[in-house]
**Q** 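Below is a structure I'd like to ask you about.
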Amino acid sequence: MRLNGKPSLLCVVGTRPEAIKMAPLILKLRENPRFRVRVLASGQHTDMLSQALEHFGIRADVDLSIMRDRQTLDHVTSAVLEGVGAFLDANPQDMLLVHGDTTTTLSAALAGFYRKIPVAHVEAGLRSRDMTRPFPEEANRVLVDRIATLYFAPTPQAADNLSAEGVDGSRVFVTGNTVIDALFRTLERRGETSVLRDVPAEAPLVLMTAHRRESWGEPLTRVCEAVRALLEKYPALWILIPLHKNPVVRNAITEALRGSPRVVFTEPLDYPDFVAVMNRSLFIMSDSGGVQEEATALRKPVLILRELSERPEALTAGTGVLVGTDRTRIEEEASRLLTDGPWLNSFSNRGMPFGDGNASARIVSAIENYFDT
Ligand code: UD1
Ligand code: UDP
C-alpha cells in the first residue's frame, strides 16, 4: 500500500545470518525518505536473531515468534508461510525483501508470490548444484529464484548462474555481498573483547564454527576428532568454538571434545566479538556461509568444512580451502597453516571477491529505479 505515495517495503529476517546481512540494507533503506520500511522477524531464531539485530540498533516491527525447540523443517515452512501471509493480508506491501536461503526466506517469498507482491532476493544466484548440500538451502535458493522479481547477486558468478537459468538480465544487479558492508561497519567501531581473556596473548588461536544439517552425526564427529588430534599434536594451540544454539549440534560438539585441553566454548558471540576473534585467529575452520565471506575479506585462511561450496569465489581467491569433513584432510591442512609461516602469510594479500562495502547502496538505487519506471 502506498502511504502518501511512498512504497511500503517489508524486510524479512529469520535467522542470525539474515539479520547480519540485511541490517546494513535496512539501515540504508530507512535513511531514504522515499520508502516506508518495516522489518518482520519470523522468529525462526530467537536469541540469535535479536542478538544480531541489536548490534545494528534494529528492532523488528513485528515478530512471529515461531521457533520451537528442535523444530522441524515442516514446522518452520508452514508457520512462516501462514504468519507472513496473514501479516501481508492485514498490511499490504509494495515489495518484500528476503535474504539468502533459509526456510524463512523460501516461505516468506512464497507468501509474497501468492499475493502477487514483487519479491526482491538479496544474495541471489548462489548455487552448489547439489540439492543435498547444503540441505535444504540449495533448494530454498533455487526455488526463491524461480519466483522473485528483483535479484541482487553478490558476485558476477552468481549473476551468471541466474542468467544460465533464464532469468531476465534486466532484473539482475551485481551488488557485492551486504555482509561486507556489515563487516566494515563493525570493524570501524571495533572495541576490546573480553571473550579471549583465558587465551594467552601469544598463543596460536583457531576459531571454529559448525552447524550445517548435512554434517550432523558422523561428519561432525570426524571434525571434532580432527580438532582433538590437533590439540594433542600442538601443545600451544588454542581453539575457540562459539556454540550454535541448536542442541543437536551443541551437544554433539561438547560431547566429542569433552576433556580436551585449550578448547574455549562460548555462547553465540555478539557480532563485534566474533569479528574480533576472527581477526585474532591464525585461521578459521567453518561450515558457515557468511564466515567464508568475512574471512576472505579479512584475508584469513578458512578451512571450509564442506564437501562442496556455493561460494567458489573464496576458492578462486585462494582464501578458502575446501577440506570437507575428512579427519586426515582437516589435520593436514590445519597442520600446514600451523607450521608453514610463508604459507600462512601468503593469505594476507589474496583477492576480495565478495564486495567493497557498498552493496546496500547499490541495492537501494536499484529499488529506487524499480519504483521510478
Ligand atoms: C538455520 C538455517 C540455516 C542457517 C542457520 C544459521 C534453515 C533450514 N536453516 O539453521 O540455513 O545457516 O540457521 O545459523 O533455514 N535455536 C535456539 N535459539 C536460537 C536459534 C536456534 O534455541 O536463537 C535452536 C532451537 O532448538 C531450534 C534449533 O536451534 O529448533 C534449530 O534452528 P533452525 O533455524 O531450525 O536451524 P539452524 O540449524 O539454526
Ligand atoms: N556469527 C556471530 N557470532 C557467532 C558466530 C557467527 O555473529 O558466534 C556471525 C558470523 O560473523 C556471520 C554469521 O554469524 O556473519 C554466520 O551465521 P551462521 O554461521 O549461523 O549461518 P550461515 O552463514 O552459515 O548461514
Side-chain angles (χ1 to χ4, degrees), residues 13-24 41-56 65-77 79-80 98-108 123 126 133-141 144 177-183 185-187 193 195 207-216 220 240-252 264-279 284 286-295 297-298 300 302 304-306 309-311 354:
V13 292
T15 66
R16 170 172 64 191
E18 290 163 82
I20 291 170
K21 291 172 161 183
M22 284 294 266
S42 72
Q44 176 176 341
H45 282 180
T46 52
D47 15 3
M48 284 168 64
L49 181 71
S50 51
Q51 180 185 33
L53 287 176
E54 252 163 43
H55 163 61
F56 294 94
S65 301
I66 62 106
M67 198 194 83
R68 291 182 187 161
D69 191 33
R70 295 169 192 257
Q71 61 203 0
T72 61
L73 294 174
D74 292 356
H75 164 69
V76 179
T77 307
V80 175
V98 297
H99 182 280
D101 54 22
T102 70
T103 298
T104 289
T105 314
L106 173 62
S107 287
E123 200 182 80
L126 272 62
R133 290 179 290 192
F135 179 87
E137 291 82 3
E138 178 71 1
N140 290 345
R141 46 171 97 105
V144 173
N177 198 307
T178 54
V179 79
I180 308 300
D181 303 20
L183 178 68
R185 212 187 153 91
T186 304
L187 282 170
T193 174
V195 173
L207 169 65
M208 183 183 117
T209 78
H211 73 279
R212 301 239 77 86
R213 257 166 204 271
E214 64 272 18
S215 299
W216 293 1
L220 193 53
L240 187 131
I241 306 179
L243 293 165
H244 195 284
K245 283 279 182 189
N246 190 341
V248 177
V249 174
R250 165 175 293 243
N251 296 346
V264 181
F265 292 122
T266 71
E267 288 301 314
L269 297 178
D270 289 346
Y271 191 53
D273 285 334
F274 190 78
V275 170
V277 177
M278 282 196 283
N279 254 329
I284 301 165
S286 181
D287 64 10
S288 162
V291 172
Q292 286 175 57
E293 294 151 347
E294 291 160 342
L298 294 170
K300 288 283 170 187
V302 54
I304 304 168
L305 305 170
R306 300 195 194 184
S309 173
E310 65 286 328
R311 292 170 169 85
F354 291 111

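Count residues from 1 along the sequence. Both counts, for ligands and for their atoms, begin at 1 and track the order of listing. Bear in mind the structure is a predicted one, so any value in this text is a computation, not a measurement.
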**Q** Taking atom types as modelled and ignoring hydrogens, do the side chains of Tyr271 and Glu294 form a donor-acceptor contact shorter than 3.5 angstrom?
**A** yes

**Q** Under 4.0 Å from a heavy atom of Pro136: which atoms of ligand 1 are those, numbered in the order shown and with their elements?
**A** 8 (C)

**Q** If you look at every heavy atom in Thr104 and Glu18, which pair is closest and at what distance?
**A** CG2-OE1, 3.7 Å

**Q** Which protein non-hydrogen atom lies closest to atom 38 (O) of ligand 1, naming both residue and atom, and how far is it?
**A** Asn246 ND2, 3.5 Å

**Q** State the atoms of ligand 2, each with its element, that fall below the 4.0 Å cut-off from a heavy-atom position in Gly289.
**A** 22 (P), 23 (O), 24 (O)

**Q** Based purely on interatomic distance, does Arg16 place a nitrogen or oxygen under 3.5 Å from a nitrogen or oxygen of ligand 2?
**A** yes

**Q** Is Thr46 in polar range of ligand 1, meaning some N or O pair under 3.5 Å apart?
**A** yes

**Q** Pick, from Glu18, Arg213, His45, the option with the minimum heavy-atom distance to atom 37 (P) of ligand 1.
**A** His45

**Q** If we ignore hydrogens and angles and just use 3.5 Å, is the side chain of Lys245 paired with the main-chain N or O of Met48 as donor and acceptor?
**A** no

**Q** Can you list the atoms of ligand 2 that are under 4.0 Å from a heavy atom of Pro268?
**A** 8 (O)

**Q** Any atom of ligand 2 sitting under 4.0 Å from a heavy atom of Ile20?
**A** yes

**Q** List ligand 2 atoms under 4.0 Å from His211, heavy atoms only on the residue side.
**A** 18 (P), 19 (O), 20 (O), 21 (O), 22 (P), 24 (O)

**Q** Return the residue, atom name and 0.1 Å-rounded distance of the protein heavy atom closest to atom 4 (C) of ligand 1.
**A** His211 NE2, 3.8 Å

**Q** Any donor-acceptor pair under 3.5 Å linking the side chain of Asn246 with the backbone of Val248?
**A** yes

**Q** What part of Phe274 sits under 4.0 Å from ligand 2 if we count only heavy atoms: the side chain, the backbone, both or neither?
**A** side chain

**Q** Would Gln51 count as a contact of ligand 1 if the rule is a heavy atom under 4.0 Å away?
**A** no

**Q** Determine the minimum heavy-atom distance between Lys21 and Thr178, stating which atoms define it.
**A** O-OG1, 2.6 Å

**Q** Answer side chain, backbone, both or neither: which part of Met48 comes under 4.0 Å from ligand 2, heavy atoms only.
**A** neither

**Q** Side chains of His99 and Thr105 only: does a donor on one sit below 3.5 Å from an acceptor on the other?
**A** no

**Q** Tell me the contacting part of Ser288 for ligand 2: side chain, backbone, both, or neither, using a 4.0 Å heavy-atom threshold, strictly below.
**A** both

**Q** For ligand 2, is there an N or O atom under 3.5 Å from any N or O atom of Leu269?
**A** yes

**Q** Report yes if His244 has an N/O atom closer than 3.5 Å to an N/O atom of ligand 2; otherwise report no.
**A** no

**Q** May I ask you to say whether Arg141 pairs ionically with Glu123, meaning some side-chain N is under 4.0 Å from a carboxylate O?
**A** no

**Q** Got Gln51 and Glu267 here, is their nearest side-chain heavy-atom distance under 4.5 Å?
**A** no

**Q** If only atom types and distance count, is the side chain of Glu137 paired as donor or acceptor with the main-chain N or O of Phe135 below 3.5 Å?
**A** yes

**Q** How far is atom 6 (C) of ligand 1 from its nearest protein heavy atom, and which residue and atom name does that atom have?
**A** Pro17 CD, 3.5 Å

**Q** Give the residue, atom name and distance (to 0.1 Å) of the protein heavy atom nearest atom 33 (P) of ligand 1.
**A** Gln71 NE2, 3.3 Å

**Q** What distance do Ser288 atom OG and Leu305 atom CG have between them, rounded to the nearest 0.5 Å?
**A** 10.5 Å

**Q** Is the shortest N/O to N/O distance between Trp216 and ligand 1 below 3.5 Å?
**A** no

**Q** Ion pair present between Glu214 and Arg306, side-chain N to carboxylate O less than 4.0 angstrom?
**A** no

**Q** Look at atom 3 (C) of ligand 1 and say which protein heavy atom is nearest, naming residue and atom and giving the distance to 0.1 Å.
**A** Glu137 OE2, 3.2 Å

**Q** For Ala252, does its backbone N or O pair with a side-chain atom of Trp216 as donor and acceptor, under 3.5 Å?
**A** no

**Q** Would one find an N or O of Thr102, backbone or side chain, under 3.5 Å from an N or O of ligand 1?
**A** no

**Q** So between Asp287, Thr103, Thr15, whose heavy atom ends up nearest atom 8 (C) of ligand 1?
**A** Thr103

**Q** Checking the N or O distance criterion of under 3.5 Å, is ligand 2 in contact with Gly290?
**A** yes

**Q** List the closest protein heavy-atom neighbour of atom 18 (N) of ligand 1: residue, atom name, distance to the nearest 0.1 Å.
**A** Asp47 OD1, 3.2 Å

**Q** On a heavy-atom basis, I'd like to know which of Met67, Arg16, His244 is closest to atom 14 (O) of ligand 1.
**A** His244

**Q** Please verify the inter-ring angle class for His45 with His244; under 30° counts as parallel, over 60° as perpendicular, anything in between as tilted.
**A** perpendicular

**Q** Quick one: nearest non-hydrogen protein atom to atom 27 (C) of ligand 1, plus distance?
**A** Arg68 O, 3.6 Å

**Q** When only distance counts, is Gln44 in polar contact with ligand 1, meaning an N/O pair under 3.5 Å?
**A** yes

**Q** Does an N or O from Arg212, backbone or side chain, lie closer than 3.5 Å to an N or O of ligand 2?
**A** yes

